[in-house]
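Reviewing the structure listed below.
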There are 2 protein chains.
Amino acid sequence: MTSIDPRIWTSETVAADLERAIHEHRLPPGTKLGEDELGEAYGISRTLVRAALQALSHRRLVELKRNRGAYVAQPTVQEAREVFEARSLLEPRTARSAAERITEESLATLRNHIADEHDALHAGETGRALFLSGQFHIQIARIADQKTIEDFISELISRSSLIIALYWRRRAAMCESQAHHALIDAFARRDGPLAEDLMKSHLLDLVASLDLRHVVAPPQSLREALGR
Amino acid sequence: MTSIDPRIWTSETVAADLERAIHEHRLPPGTKLGEDELGEAYGISRTLVRAALQALSHRRLVELKRNRGAYVAQPTVQEAREVFEARSLLEPRTARSAAERITEESLATLRNHIADEHDALHAGETGRALFLSGQFHIQIARIADQKTIEDFISELISRSSLIIALYWRRRAAMCESQAHHALIDAFARRDGPLAEDLMKSHLLDLVASLDLRHVVAPPQSLREALGR
DNA sequence: ATCGACATAATTGTATACAATAATGTGCGT
DNA sequence: ACGCACATTATTGTATACAATTATGTCGAT
């Protein structure tokens with residue numbers, strides 16, 4: 001899970017790099033993503049930058065406003081609910097499948113993953129911890145050997161990171177990975193139904209930790225910030 | 001559900017037009033999508049064509065082979081299974097939600113939809129019938145008021161159309177819309193659990209009507225077609 | 001005739017040029 | 001001073017030019 005830095009940047013690697021930056025909260029919701037600026041940063045032309053931004057907009061991580069540029073997306077409360085609704089349909093059953101077919105090797109990988117997450121958290125690298133926490137969920141879909149579902153979950157995870165950036169309640173206490181440990185135990189026992197239940201609860205806990213009262217997001221940094 | 005033909009073509013409208021052509025089996029799997037050719041067809045530059053093709057490749061309807069061009073995707077047997085696995089996680093529960101909140105107006109729209117589907121089928125417009133059949137599933141997600149899930153289902157539906165093109169067993173008998181009628185009845189009764197069950201069976205019937213024995217797709221039209 | 005090396009053509013990948021649109025700044029009139 | 005019209009600047013949208021790569025065709029050697 002090392003960082004991205006290819007010899008030569010392509011639209012895909014740039015998109016991946018930006019997605020990771022968004023996921024790690026280094027690019028907060030609403031950030032303007034100017035084409036020239038990005039082009040210079042990566043040493044590529046606007047053609048490739050635009051391709052990357054379009055890719056991210058398809059994943060709803062970036063909002064493309066016509067003639068106005070690209071911005072890191074700001075999911076609404078409604079969208080936040082929808083994202084977790086989708087996750088609640090996909091992830092529990094996928095966790096169950098994973099538990100029923102997991103190998104010792106994958107189990108070891110997962111454990112390492114958790115350890116990294118733990119280390120990052122205690123090293124104060126909350127961005128990296130958040131990213132790894134998301135990767136854990138993606139790994140599960142990979143273990144279930146469901147690439148199609150994995151792609152959906154991957155998108156939903158990144159979008160969840162934006163949602164957390166906007167609506168996370170307790171700023172201090174980070175996502176305690178207790179739930180992830182419990183899941184690993186279920187995997188180790190090949191207990192599918194338990195894994196399904198644990199994942200379901202985990203997702204419910206997550207939404208519960210959000211403040212999803214109707215505060216419209218759009219006015220974001222001006223009207224709302226100025227309180228008028 | 002009329003056809004697309006804006007005064008001026010943009011990358012999005014072109015992508016939508018191509019997606020519909022793919023969905024209606026006017027562009028079979030494996031078809032080469034040359035950039036110059038498409039550019040002339042729509043009267044736009046390769047820039048916009050490429051943007052459209054990239055969008056479709058993100059939805060896995062088009063495969064982009066580096067330096068070799070774009071082709072209508074040819075989902076493998078494995079991918080076919082995954083697509084229907086994903087649908088089975090998303091659609092039944094979504095049908096349930098839809099049944100529990102459907103309005104009389106939406107119900108009327110759905111009935112009209114079915115009627116159009118029926119007409120198209122009996123008029124021999126199998127492509128259009130297939131498209132409308134897909135739209136029916138998307139409508140349900142829309143009624144459930146789940147835009148995020150709707151987007152996923154929309155993609156899965158289009159991919160299903162490719163899968164049907166490749167693996168459909170009985171060429172003659174088209175998707176009998178009995179299942180759709182039954183679903184509408186459940187909706188009319190606001191019977192959520194029934195709608196969920198019906199959708200589950202409907203999807204199982206669909207996969208059952210496919211021939212998913214392991215015939216590798218890639219060699220497709222040459223090595224396989226020539227049997228060597 | 002068949003195979004392979006080379007040349008030619010066709011197609012895609014990337015950068016850049018130009019057009020269109022939106023944002024910003026200036027100055028005039030009231 | 002304030003507001004509005006207009007000019008200027010910045011940024012995005014689209015087309016095109018050029019480079020890189022792949023596909024195709026030709027020719028000669030065996």
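Just so we're on the same page: letters track the sequence lines, and every chain starts at 1. Keep in mind that the numbers below use all heavy atoms, side chains included, and drop hydrogens, waters and symmetry copies.
We find that OH of B:Tyr42 is positioned 15 Å from P of D:dA15, with the value rounded to whole Å. Note: CD (A:Glu35) to P (C:dT21) measures 16 Å, nearest angstrom. One can place OH of B:Tyr71 at 10 Å from C1' of D:dT22, the figure rounded to the nearest angstrom. Rounded to an integer number of Å, the gap from CZ of B:Arg46 to C1' of D:dA15 is 11 Å. Going from atom CZ of B:Arg68 over to atom P of D:dT24 covers 11 Å, rounded to whole Å. Distance CG (A:Leu64) to P (D:dT11): 16 Å, rounded to an integer number of Å. Atom-to-atom, CD1 of B:Ile44 to C1' of D:dT14 comes out at 10 Å; the value is rounded to the nearest Å. Going from atom CD of A:Glu37 over to atom P of D:dA10 covers 14 Å, rounded to whole Å.
By the 4.0 Å N-to-carboxylate-O rule, A:Glu79 lies close enough to A:Arg159 to be salt-bridged with it. A:Glu24 and A:Arg20 are joined by a salt bridge, as a carboxylate oxygen and a charged side-chain nitrogen come within less than 4.0 angstrom of each other. Here A:Arg50 pairs with A:Glu35 in a salt bridge; the nearest charged N to carboxylate O distance falls below 4.0 Å.
Side-chain polar atoms of B:Ser158 and B:Arg59 form no donor-acceptor pair below 3.5 angstrom. Side-chain N/O atoms of A:Gln139 and A:Gln135 include no donor and acceptor closer than 3.5 Å.
In this structure, A:Arg50 reaches the D:dG13 phosphate: one of its side-chain N or O atoms is under 4.0 Å from OP1 or OP2. The phosphate of C:dT12 (OP1 or OP2) has a side-chain N or O of B:Lys32 nearer than 4.0 angstrom. Proximity of B:Ser45 to the phosphate of D:dA15: a side-chain N or O atom is located under 4.0 Å from OP1 or OP2.
Both B:Leu33 and A:Gly43 sit near DNA chain C, but only B:Leu33 has its closest nucleotide nearer the 5' end. Each of B:Asn67 and B:Leu48 was matched to the nucleotide of DNA chain D holding its nearest heavy atom; the match closer to the 5' end belongs to B:Leu48.
Residue B:Arg66 is in sugar-phosphate contact alone, with no base atom involved, counting any heavy-atom pair closer than 4.0 Å across all strands shown.
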